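Following: one structure in structure tokens, then a few remarks.
Every chain is numbered from 1, with letters handed out A, B, ... down the list of sequences. A quick note: this is a predicted structure, and the numbers were derived from the prediction, not measured. Hydrogens, waters and symmetry mates play no part in the numbers below; they use all other heavy atoms, side chains included.
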Protein chains: 2
Amino acid sequence: MAKAKKQPRPKAQTPKGFRDYFGEEVSQRTEMLQAIAGVYHHYGFDALESSAVETVEALGKFLPDVDRPNAGVFAWQEADEGDKGDWMALRYDLTAPLARVYAQYRNDLPSPYRRYAMGPVWRNEKPGPGRYRQFYQCDADTVGTASMAADAEICMMLSDTLETVGIPRGDYLVRVNNRKVLNGVLEAMGLAEDDPKRDDVLRTIDKFDKVGEAGVRELLTKGRLDASGAFIDGVGLGDTQADPVIAFLTSKADDVAGTMSNLRAAVGDSKVGQDGIAELEQIGELLAASKYGADRVLIDPSIVRGLGYYTGPVFEAELTFEILDEKGRKRQFGSVSGGGRYDGLVKRFTGQEVPAVGVSIGVDRLLAALREKGRLSATPTGPVVVTVMDRDRMADYQAMVSELRNAGIRAEVYLGNPKNFGNQLKYADKRNSPIAVIEGGDEKAQGIIQIKDLILGAKIAENATLEEWKERPSQFTVARGDLVTKVREILDSQDQ
Amino acid sequence: MAKAKKQPRPKAQTPKGFRDYFGEEVSQRTEMLQAIAGVYHHYGFDALESSAVETVEALGKFLPDVDRPNAGVFAWQEADEGDKGDWMALRYDLTAPLARVYAQYRNDLPSPYRRYAMGPVWRNEKPGPGRYRQFYQCDADTVGTASMAADAEICMMLSDTLETVGIPRGDYLVRVNNRKVLNGVLEAMGLAEDDPKRDDVLRTIDKFDKVGEAGVRELLTKGRLDASGAFIDGVGLGDTQADPVIAFLTSKADDVAGTMSNLRAAVGDSKVGQDGIAELEQIGELLAASKYGADRVLIDPSIVRGLGYYTGPVFEAELTFEILDEKGRKRQFGSVSGGGRYDGLVKRFTGQEVPAVGVSIGVDRLLAALREKGRLSATPTGPVVVTVMDRDRMADYQAMVSELRNAGIRAEVYLGNPKNFGNQLKYADKRNSPIAVIEGGDEKAQGIIQIKDLILGAKIAENATLEEWKERPSQFTVARGDLVTKVREILDSQDQ
């Protein structure tokens, strides 16, 4: 038999743009997802887990190149049918699969259908710092109702969710806007729906934070000299034509009624604009009836980000506390969730218009926020480690571990080569173990064991001058029968 | 502008071989995974979530066709680098990614490394009934130790896990065998490691359940007339040569010591066989020290299934209670978990042999078992539904829902078109709602509401003759202020 050609060794490397998650990174995310699922469920939403794989046809949106329709998604052709095999792809979000599922099962699902979904999605994009090709989404959507009660409910749920996962009231704000109001402003300016100037106006609105009212007016009309001295061409609107935009951008008043009245002036006679304002008022009324005040959910026409995708109300949850950025400057943490009302979700499949509204929480950003605020422990406690002094008495050590586990204490026996005891303590250190248990031959003969408080031991080592700690023993000799009692006592003292 | 060519509507269909999971199917699996993770964590195992995507090179094993290396896995070529792009694939299990991760991070990970992982894996195989191309695995492995304490620990953990998720002692058994013992038997028969007859012998051993001792002896030697009258060729061994196999297959004695003594006779002078028996004895000793009796973990040389992959101890968890199969016949539920010791895991990457042992639980089979035993509710209770009698008073209904939710009661307002009240009750029915709340204009004026017990209502409708139920009211008129109290009272009565 000919010997197989020797293959070069494969590289042990996470694929480019992907990540591996270890230990607490995984458990903390799982806990957060469960907490969020709990709130969603409480609001009457049911879980849905669709397959990670969809036909490219069902995903839609990503078909620029018919021969190789994989721009933006990870796609492949079913091999078993040769060239005629379907193109399959990994889902790029949880909304496209919801559309497919709703169209497929619409006769069996309750209508309206409230569903939540959480899981990884995949994007075939150039990875960047902190931007991965696989990441978690956590969505809730209500399909099949045009009622503003669905939109208001999602805002309340978002508020409850943030408080449930550990963001206290005052540290976040859910802002609500409506795409229709902005459309009304554009209409009031006399710009038709297909007028290319609409995009220019939207881009200019986005600069309001930077250049202010006067700057926006210049950019909408004759142009503007920027700080560097360069001249930025204007959109070329007349001065009066720019008025509705300015009115819109400065519409925020002390109370909702005042804001609404300013908006009404901004959109003038525009039907769509008036509809949008009426929708915001309905949402405001529903929020008030359920006692969600402006400290939790705020009607705020100033957010224009991400309006493109949506057709009615738009929501965004922002964390309002300050963090230090990479350069040490204070800045607000920013957005952790967005959503809104969208049409045409199911129409692609059935031809029938089905109204829907949904929200998506950026779980990884929310976790990062909780870590910033010190609400998630960075280095969690590891298991109690029972060390091995005598290789032949593994059964004794295993029995100690079982006793600890049966008492509800996370514990493990050292499974490496026991020859070098230093390695065992190094191992316990790497595991963030709070306690090491030691039983050598002499101890065994005397019926005793040694219990080492590793947390206190580390503190003493770090601050060798602190007399207070030096005097406290970090190693105890107790009877073998007192193993569980003493370990629990030390764990309790460490918790304080 | 030319109008875009009208695309045909995409089909709304789950891709062939995939599944969507709804509501409780998702929540129950999530709960089970969390319960299992809890036990694994308690044993000192840490979570690992590697990326779903790996390079085909790192996955290995699946490279029969170099041009299109996707047999068995879902694979694609990175597009951005043209023909030179790496081939990527979805992971087909959780062990291959563990090998990659361990090789990649081995200097940072504790050694030995105990890790658990749970998540979907994908197989590009022909789907069949109950066989999907995406399914969950739930693994625990210890990498970097040859100590039998690792193997014993995994058996105990498996036993604890089954009891934790709801399989009581007596309804399951973890069986332990050792691949080396079987290798010793083959050696005692004088069959060298590369002797093709080894495979024939293994296949014959698998038929022991069906054909018994005499049948196996015939099949190993001169052949056998089967029940249908067809003659099955024998392996062609001499009668004495078949003795070790028969001794192996009939080695089970009343106690472990007896079984071991029989096995020792079966493997004769074979070094590997003697090693295997010594390993089983060590495991037995460790189990006894931790008080895991033969009612939980049993040393049992009779399992030969799935030995191929493993190099030392092999475990299998079987559910021993009986269920009715599709044809109404009683049969044992069977295996829900398997594992064992394997070598060469990391060697592909580093050239260094790293011993490892692990176990995998079939979560979906375990869920099916719990459903069979009636330990998971089939139709869980839905939310309380507040109906809408007056479209303009949505804020009133929304406020009721908020009151209920704030009191910890799962509740929702009806968001569909409220015109037809019958549709609202049909909706509540589809949602498995326990209670519907009704407030029309008259009730509003009087400060009262109607609360309908839908569970009792359904019972009355089903058993219209049962006087006992007919006399119990299923609809109550209470003051608006008593909403939460009355709803809670009805929910409590339904729980009984």
Portion of [X] that has a non-hydrogen atom of chain B nearer than 4.5 angstrom:
{"X": "D108(A)", "result": "backbone"}
{"X": "E54(A)", "result": "both"}
{"X": "L109(A)", "result": "both"}
{"X": "Q34(A)", "result": "side chain"}
{"X": "Y132(A)", "result": "neither"}

Counting heavy-atom pairs closer than 4.5 Å to chain A, which one of [options] comes out on top?
{"options": "Y102(B), F349(B), F18(B)", "value": "F349(B)"}
{"options": "V401(B), L33(B), I409(B)", "value": "I409(B)"}
{"options": "G144(B), A150(B), G23(B), G416(B)", "value": "G23(B)"}
{"options": "D396(B), N417(B), T350(B)", "value": "T350(B)"}
{"options": "A288(B), G382(B), G351(B), G119(B)", "value": "G351(B)"}

Check ion pair [X]-[Y] (N to O, under 4.0 angstrom):
{"X": "E57(B)", "Y": "K11(A)", "result": "no"}
{"X": "K16(A)", "Y": "D86(B)", "result": "no"}
{"X": "E78(B)", "Y": "R133(A)", "result": "yes"}
{"X": "E49(B)", "Y": "R29(A)", "result": "yes"}

Heavy atoms only, distances under 4.5 angstrom: which of [options] has the most pairs with chain B? Name it, please.
{"options": "A117(A), P97(A), G408(A), P120(A)", "result": "G408(A)"}
{"options": "R114(A), Q282(A), K291(A), Q134(A)", "result": "R114(A)"}
{"options": "A399(A), A289(A), P112(A), P383(A)", "result": "P112(A)"}
{"options": "Y292(A), Y105(A), Y397(A)", "result": "Y105(A)"}
{"options": "S433(A), A99(A), S402(A)", "result": "S402(A)"}

- Message: When you compare the side chains of R410(A) and H41(B), does any donor N or O come within less than 3.5 Å of an acceptor on the partner?
- Response: yes
- Query: Can you check whether F22(A) reaches V101(B) side chain to side chain, under 4.5 Å on heavy atoms?
  - Reply: yes
- For F74(B) and V53(A), what are the C-alpha separation, side-chain angles and deciding distance, and is it a side chain to side chain contact (heavy atoms under 4.5 Å, CB included)? CA-CA 10 Å; F74(B) 292 105; V53(A) 175; 5.6 Å; no
Which atoms of [X] are under 4.5 Å from chain A, going by heavy atoms: the side chain, the backbone, both sets, or neither?
{"X": "A52(B)", "answer": "both"}
{"X": "A411(B)", "answer": "backbone"}
{"X": "R115(B)", "answer": "neither"}
{"X": "M400(B)", "answer": "neither"}
{"X": "E31(B)", "answer": "neither"}
{"X": "Q398(B)", "answer": "both"}

- Item | Non-neighbouring partners of P110(A) that pass side-chain contact (heavy atoms from CB on, under 4.5 Å), sequence neighbours left out | Y113(A), Y427(B), K430(B), R431(B)
- Message: Once side-chain contact (heavy atoms from CB on, under 4.5 Å) is applied, do any residues pair with A152(A), and if so which ones, sequence neighbours excluded?
- Response: M156(A), I283(A), L286(A)
- Message: Using side chain to side chain contact (heavy atoms under 4.5 Å, CB included), reason through T142(B) and L415(A) one step at a time and then give a plain yes or no.
- Response: CA-CA 9 Å; T142(B) 303; L415(A) 287 175; 3.8 Å; yes
Distance in Å, [X] [atom1] paired with [Y] [atom2], rounded so as to fall on 0.5 Å steps:
{"X": "L90(A)", "Y": "L90(B)", "atom1": "CG", "atom2": "CG", "answer": "5.0 Å"}
{"X": "R405(B)", "Y": "Y43(A)", "atom1": "CZ", "atom2": "OH", "answer": "5.0 Å"}
{"X": "S51(B)", "Y": "Y21(A)", "atom1": "OG", "atom2": "OH", "answer": "9.5 Å"}
{"X": "N406(B)", "Y": "D160(A)", "atom1": "CG", "atom2": "CG", "answer": "7.0 Å"}
{"X": "S147(A)", "Y": "M394(B)", "atom1": "OG", "atom2": "CE", "answer": "4.0 Å"}
{"X": "S27(A)", "Y": "D46(B)", "atom1": "OG", "atom2": "CG", "answer": "7.5 Å"}

- Message: With side chain to side chain contact (heavy atoms under 4.5 Å, CB included) as the criterion, how do T14(A) and Q104(B) come out once you've worked through the C-alpha distance, each side chain's angles and the decisive distance to 0.1 Å?
- Response: CA-CA 8 Å; T14(A) 320; Q104(B) 182 173 347; 2.9 Å; yes
